[in-house]
Amino acid sequence: MKKSNVITAFGLALTLALPLGAARAETWNVGMSGGYFPFTFVRLDELQGFEVDFINALAAETGNDVNFVTMSFSGLIGALESGRIDTVANQITITPEREAKFAFSQPYVLDGAQVVVKAGNEDTIQDTADLSGKTVAVNLGSNYEELLNDLPNAADIDIKTYESNIAQDTALGRVDAFVMDRVSSAQLIQESPLPLALAGKPFSEIRNALPFRDDDDGRALRDEIDTAITTLKEKGTLTEISQKWFDTDITKAN
């Protein structure tokens with residue numbers, strides 16, 4: 001009994017010693033592919049990128065910890081639904097279908113869908129009408145297949161879904177083009193030795209945000225992180241992270 005009393009008193013002393021309003025740090029399980037340069041990628045065995053810095057900044061702002069969980073992009077949404085992870089930080093675009101299933105944070109990246117072709121073929125695709133009769137690759141599980149299917153000439157586009165290597169297959173001529181976000185496309189072309197080029201202008205506005213399960217716990221975590229996103233924007237931290245990776249601010253509308 002005495003031992004129990006000592007432990008209780010010690011625990012009480014620790015509680016009283018904490019600053020008013022302090023709480024134990026929680027650990028967020030954040031899913032990402034680790035294969036979407038420059039947002040999330042592995043270099044020298046280190047997970048890094050815009051999304052990694054962004055999540056770490058949110059955790060620092062809220063006083064919580066982060067456990068990054070990497071897996072194939074196509075498995076991320078399922079992992080969120082099953083509770084294996086708490087959110088996904090991998091350029092997840094807000095769509096009506098996703099909004100019906102998940103609670104989203106405010107957007108933190110504003111972008112557009114971009115067509116990329118083998119260098120030298122830029123003139124063959126000036127706008128989405130020129131995709132008719134073409135084979136176009138998209139990442140499996142991304143929203144770009146949906147964007148292409150919403151085009152008036154969707155029935156005339158041969159859409160191929162890939163887990164990876166869409167850039168390589170485009171450069172080798174195995175497909176006519178691929179579609180991803182404008183910012184990543186430009187960075188990929190800059191960093192990659194593959195002969196690739198942008199074709200035309202972005203054809204759709206993309207708002208990227210963090211999805212959470214649409215239940216009490218998920219919405220509570222969303223609200224906490226949403227408040228932190230606002231704070232990072234006000235402090236200029238989000239702009240600094242964007243400038244670090246892109247030399248421009250992708251967190252604001254152009």
Side-chain angles (χ1 to χ4, degrees), residues 14-15 18-43 45-95 98-111 139 141-143 181 184 206-242 244-245 250-251:
L14 275 177
T15 301
L18 289 171
L20 187 62
R24 290 183 179 179
E26 296 182 357
T27 298
W28 302 336
N29 293 309
V30 179
M32 56 177 53
S33 67
Y36 196 60
F37 179 89
F39 290 96
T40 164
F41 64 100
V42 177
R43 180 172 292 169
D45 296 326
E46 179 185 357
L47 184 65
Q48 51 188 298
F50 172 85
E51 301 275 13
V52 176
D53 287 357
F54 168 59
I55 294 297
N56 282 331
L58 288 175
E61 184 64 37
T62 59
N64 292 304
D65 300 320
V66 180
N67 173 42
F68 290 111
V69 182
T70 58
M71 65 185 72
S72 65
F73 182 85
S74 59
L76 289 169
I77 294 299
L80 175 60
E81 290 177 314
S82 67
R84 293 168 55 198
I85 55 178
D86 299 311
T87 190
V88 179
N90 206 113
Q91 292 301 278
I92 300 299
T93 299
I94 300 173
T95 65
R98 288 172 177 168
E99 281 189 301
K101 297 176 63 175
F102 301 106
F104 274 91
S105 72
Q106 62 181 286
Y108 60 92
V109 169
L110 301 175
D111 203 350
N139 280 314
S142 71
N143 68 303
D181 68 275
S184 295
I206 294 174
R207 297 178 300 138
N208 296 318
L210 298 174
F212 301 86
R213 285 182 298 281
D214 194 12
D215 54 27
D216 289 343
D217 290 341
R219 289 189 295 270
L221 180 56
R222 184 273 312 273
D223 292 345
E224 178 185 13
I225 289 181
D226 212 36
T227 298
I229 293 174
T230 297
T231 301
L232 293 184
K233 287 182 176 179
E234 292 173 347
K235 288 182 175 180
T237 305
L238 203 53
T239 296
E240 291 174 3
I241 295 172
S242 179
K244 170 186 173 181
W245 288 104
I250 66 170
T251 69

Taking it one step at a time, do E99 and I94 satisfy side chain to side chain contact (heavy atoms under 4.5 Å, CB included)? CA-CA 7 Å; E99 281 189 301; I94 300 173; 3.4 Å; yes
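- With rounding to the nearest 0.5 angstrom, the CD atom of E224 is 9.5 Å from the CG atom of L58.
- To the nearest 0.5 angstrom, R207 atom CZ is 13.0 Å from Y108 atom OH.
- Within the 4.5 Å cutoff, side-chain heavy atoms of F102 are placed close to those of E81.
- Counting heavy-atom neighbours within 6.0 Å of R219 CZ, excluding the residue itself, gives a total above 12.
- Of the possible donor and acceptor atoms, one in the side chain of T87 sits under 3.5 Å from a partner among the backbone N and O of P211.
- Q91 and S184 share no side-chain donor-acceptor pair at under 3.5 Å.
- Going from atom OG1 of T95 over to atom NZ of K101 covers 9.5 Å, rounded to the nearest 0.5 Å.
- Contact annotation: the side chain of K235 never approaches that of E240 to less than 4.5 Å [non-hydrogen atoms, C-beta and beyond].
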Given N90 and L76, is the side chain to side chain contact (heavy atoms under 4.5 Å, CB included) satisfied, shown in steps? CA-CA 9 Å; N90 206 113; L76 289 169; 4.0 Å; yes
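- Counting only N and O atoms by type, the side chains of S105 and D226 include no donor and acceptor under 3.5 Å apart.
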Side chain to side chain contact (heavy atoms under 4.5 Å, CB included) between L80 and F212, intermediate numbers included: CA-CA 7 Å; L80 175 60; F212 301 86; 5.6 Å; no
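- Heavy-atom minimum distance, M32 versus A89: CB-O, 3.3 Å.
- For the pair E26/T62, no side-chain contact is recorded, criterion being any heavy-atom separation below 4.5 Å from C-beta on.
- By the 30° and 60° cut-offs, the orientation of the rings of W245 relative to F41 is perpendicular.
- Atoms CZ and CG, from F54 and L238 in turn, are 6.0 Å apart once rounded to the nearest 0.5 Å.
- Residues V66 and T27 have side chains not in contact (no heavy-atom distance under 4.5 Å, counting atoms from C-beta outward).
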Trace of the salt bridge (charged side-chain N to carboxylate O under 4.0 Å, His left out) decision for K244 with D53: CA-CA 10 Å; K244 170 186 173 181; D53 287 357; 2.7 Å; yes
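- Q48 has its side chain out of reach of V42: every pair of non-hydrogen atoms, C-beta onward, lies at least 4.5 Å apart.
- Side-chain contact between L232 and E61: present, with at least one pair of heavy atoms (C-beta onward) separated by less than 4.5 Å.
- At least one donor-acceptor pair closer than 3.5 Å links the side chain of D215 to the backbone N or O of G218.
- D181 and Y36 form a side-chain donor-acceptor contact under 3.5 Å, judged by distance and modelled atom types alone.
- The aromatic rings of F39 and F50 lie perpendicular to each other, with more than 60° between the two planes, well past the 30° mark.
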Criterion side chain to side chain contact (heavy atoms under 4.5 Å, CB included) on I85 and W28, from CA distance to verdict: CA-CA 8 Å; I85 55 178; W28 302 336; over 6 Å; no
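- When side chains are defined from C-beta on, R84 counts as touching M71, because their heavy atoms get closer than 4.5 Å.
- Once rounded to the nearest 0.5 Å, the distance linking CZ of R98 with CG of N143 reads 5.5 Å.
- One N or O on the side chain of D86 and one on the backbone of N29 form a donor-acceptor pair closer than 3.5 Å.
- Side-chain contact between L47 and T40 is present, with at least one heavy-atom pair separated by less than 4.5 Å.
- Remark: the T93 side chain and the N208 side chain contain an N/O donor-acceptor pair separated by less than 3.5 Å.
- Note that CD1 of I225 and CD of Q106 are 11.5 Å apart. Values are rounded to the nearest 0.5 Å.
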